[in-house]
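For reference, the structure discussed in these notes is given below.
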Amino acid sequence: MDSPKASSPAPVRRGGAATVLKLFVPSLLGILIFFVPIELGGRSTILLDHMVGGARSLLGDFSGFYALALIVAGAAYPLIRGYWRRNLTERIFTVLKIAGVAAALMALTGWGPAFLHEPDMLPFLFDKLVIPVGLIVPIGAIFLALLISYGLLELIGVLVQPVMRPIWRTPGRSAIDAVASFVGSYSIGLLITNRVYQAGQYSAREAAIIATGFSTVSATFMIIVARTLDLMGVWNLYFWLTLLITFVVTAITVRLPPLAGMSDDKRDGEPTSVPGKRLTTAWRTGLAVAEQAPGLHRSVALNFKEGLVMAISILPSIMSVGLAGLLVAKYTPLFAWLGWLFYPFVAVWGLADAPALAQAAASGLAEMFLPALLMAEAEFVARFVAGVVSVSAVLFFSASIPCILSTSIPLSVGRMLVIWFIRVALSLTLAIPTGYLVQALAGV
C-alpha cells in the first residue's frame, strides 16, 4: 500500500493470466464477503456478518470469557511493551484500559453497583458492542487481506487521482490512505499518512486533511454500528451513503478554518500523470502490486495479527470510555448541553427524535459508538443518521484523537475540537434528508 506506487507503478515483469487472476480473484472474493448480502438461515446480510454470528454461536457462553481475555491482554500490552512511558496520553489511556478490565469483570460476574447493571449500561455495552467487536475485528482482518493486498486499492487510487486535488485539495496518492481507512482501519490510514508526511510528500495541511477527513473507522466497525442500530437490512445503502457523506463533509471542511489556514509547503510533490493514460496506468499499477504481493497465507497471517492487536488495543478503551460516556449521557446534562449546539441542524427537518439525536451526536466526541448506543431504539431515520454521524465525525477521544496526537501531524486538541464540531454539524445536515430517502427506497 505504499502510496507512491499510484503515480509510478513498477513494471510488471511476468504479467500474464496468472497475475490477472492474482489481482481479480482475491479482490472479487473480498467484495463478495464485505459487500454482497446473502440469505442464510432466513437472515439476509453480508457473509462477514454471518461468519461473526456463527462464531458467537459456536462460542456460546464462552464468548464473554473470550472478550474478557482480549480486554486483559489489551490492558497488559502497553505495560509489557513499555508504551505507557511514551507520553501523558499513553499513560492516561493505559489507566483507562486497566479500568476497562474492571468494567468487563463486573459485566461478566454481575459484581458492582446495581445501577451499572441496568440493561442500558454494562450488559448492553458488553453484549452488544464489546463481544461483537472482539469477534468481528480479527475475523474481518483475515478477509481484509483480500481487499488491500492484491492491487485493488492501488488500481482504484490511480483512477480517482483527478478528483482528489480539486475536491479535497490532497494529492492523488491520498486516495489510497482514504480507502485504506474505510476497508482497513483509521490506524492503518494514519500510519500511512504520517509516514508520507515525514517523508515530505504531504504538506502539513494535506496530512491534517487526510487525518481528520479520511481516517475514520473501518468497514468492519461500520458493521458493528449497523448491527447495533438494526441497519443491516439496508447495509449497502448505509455503507456507500455514509462513505459519500463523510467525503462530502471533508470537501467542505478543507475550505474552512482551521484546515484552510495550515501550511501547504512540502519537499517532494506528486509527479504529474501522463494525460490520456490513466486507465492504462491504473491497470499496470494493480497488476504490479498483485505480482509482488505475498502469498495469501502470509497476507492472512499478517492481517490477522494486526487485527488481533487492534482488537485488544481498542476493547479496553471501549469498555471504560464507553461506560463513562453512557453514565455521563444518562446521569449528567453534559451531552444535553452540547447537544443544543447541534439542535438547530436537526430541528429544521422536523424529526421527532431531534433533541435525543442532537444529544447523541454530541456524545460521539467521547466514543464513536455512543450515538449508536443511545439511538438504538429510535425510529429509522434517527437510527440511520446516528449511524452516519458515528462514522463521519471521524474524531473521538477514545481512539482517533490520541492516535493523531501520537503522530507528527501538527494538529492540537483545540484544532481537532473545531474540526469535530464542523463535521458533526455538516453530517447532520446531510444525513437527515438522506435517511428519509433511504426509508422511502427501502420501504422501512
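FYI, side chains are in, hydrogens and waters are out, and symmetry mates aren't considered; it's all heavy atoms of this structure.
The minimum heavy-atom distance linking A226 with M232 is given by the pair CB-SD, 3.5 Å. Here the closest heavy-atom approach between residue R278 and residue P162 is recorded as NE-CG, 3.1 Å.
When the ring pair (Phe, Tyr, Trp, His ring centres under 6.0 Å) test is applied to W340, the partners found at least two apart in sequence or on another chain are Y343. Annotation: ring pair (Phe, Tyr, Trp, His ring centres under 6.0 Å) contacts of Y436 (sequence neighbours excluded): none. Remark: W349 engages no residue in a ring pair (Phe, Tyr, Trp, His ring centres under 6.0 Å) (not counting sequence neighbours). The side chain to side chain contact (heavy atoms under 4.5 Å, CB included) test applied to A67 returns F126, V130, I131, not counting sequence neighbours. Contacts of A55 classified as side chain to side chain contact (heavy atoms under 4.5 Å, CB included), with partners at least two apart in sequence or in another chain: L135, I139. Residues satisfying the side chain to side chain contact (heavy atoms under 4.5 Å, CB included) test with K305, not counting sequence neighbours, are none. Contacts of E118 classified as salt bridge (charged side-chain N to carboxylate O under 4.0 Å, His left out), with partners at least two apart in sequence or in another chain: K330. W420 pairs by the side chain to side chain contact (heavy atoms under 4.5 Å, CB included) definition with F342, L365, A393, L395, V424, not counting sequence neighbours. For F124, the ring pair (Phe, Tyr, Trp, His ring centres under 6.0 Å) test picks out no residue, with sequence neighbours left out. Looking at residues two or more places apart in sequence or on another chain, you find a salt bridge (charged side-chain N to carboxylate O under 4.0 Å, His left out) between R205 and D264.
T212 and R415 are not linked by any side-chain donor-acceptor pair at a separation below 3.5 angstrom, with hydrogens and angles left out of the test. Counting only N and O atoms by type, the side chains of Q198 and S408 include a donor and acceptor under 3.5 Å apart. Under 3.5 Å, the side chains of Y150 and S299 contain a donor-acceptor pair of N or O atoms.
Distance alone, capped at 3.5 Å, is enough to place a donor-acceptor pair between the T253 side chain and the T250 backbone. S263 places no side-chain N or O within donor-acceptor distance of the main-chain N or O of A204, the cut-off being under 3.5 Å. Side chain of Q359 to main chain of A362: no donor-acceptor pair is present (N/O by atom type, distance under 3.5 Å, no hydrogens or angles). Listed for the H117 side chain is a donor-acceptor partner under 3.5 Å among the backbone atoms of W111. Put simply, the side chain of R86 never gets that close to the backbone of E90: no donor and acceptor are under 3.5 Å apart. A donor-acceptor pair under 3.5 Å is absent between the side-chain atoms of H50 and the main chain of G41, judged by distance alone. At least one donor-acceptor pair closer than 3.5 Å links the side chain of S320 to the backbone N or O of L96. Side-chain atoms of T193 do not come within 3.5 Å of backbone N or O of I210 as any donor-acceptor pair.
Residue pairs meeting the salt bridge (charged side-chain N to carboxylate O under 4.0 Å, His left out) criterion with at least one member in residues 55-70, sequence neighbours excluded, do not occur. Within the structure, salt bridge (charged side-chain N to carboxylate O under 4.0 Å, His left out) contacts touching residues 216-228 (residues at least two apart or in different chains) are D49-R227.
A 4.5 Å side-chain heavy-atom check between F369 and T228 finds every atom pair outside the cut-off. The side-chain heavy atoms of I71 and P316, taken from C-beta on, include a pair separated by under 4.5 Å. Between V225 and Y238 the shortest side-chain heavy-atom distance falls below 4.5 Å. Using a 4.5 Å heavy-atom cutoff, the side chains of F384 and L229 are not in contact.
Atom-to-atom distance recorded for L155:CG and S27:OG is 8.5 Å, nearest 0.5 angstrom. Annotation: the span from D120 atom CG to F115 atom CZ amounts to 12.0 Å, rounded to 0.5 Å.
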Run the side-chain contact (heavy atoms from CB on, under 4.5 Å) check on V101 and M319 step by step: do they pass?
CA-CA 8 Å; V101 174; M319 201 71 219; over 6 Å; no

One pair to check against side chain to side chain donor-acceptor pair (under 3.5 Å): S392 and T246. What are the steps and the verdict?
CA-CA 5 Å; S392 62; T246 300; 4.6 Å; no

Between F397 and L417, does the side-chain contact (heavy atoms from CB on, under 4.5 Å) criterion hold? Intermediate values first, please.
CA-CA 10 Å; F397 273 108; L417 287 176; 4.1 Å; yes

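Just one residue in the list I167, T170, I209 forms a side chain to side chain contact (heavy atoms under 4.5 Å, CB included) with V254, and that residue is I209.
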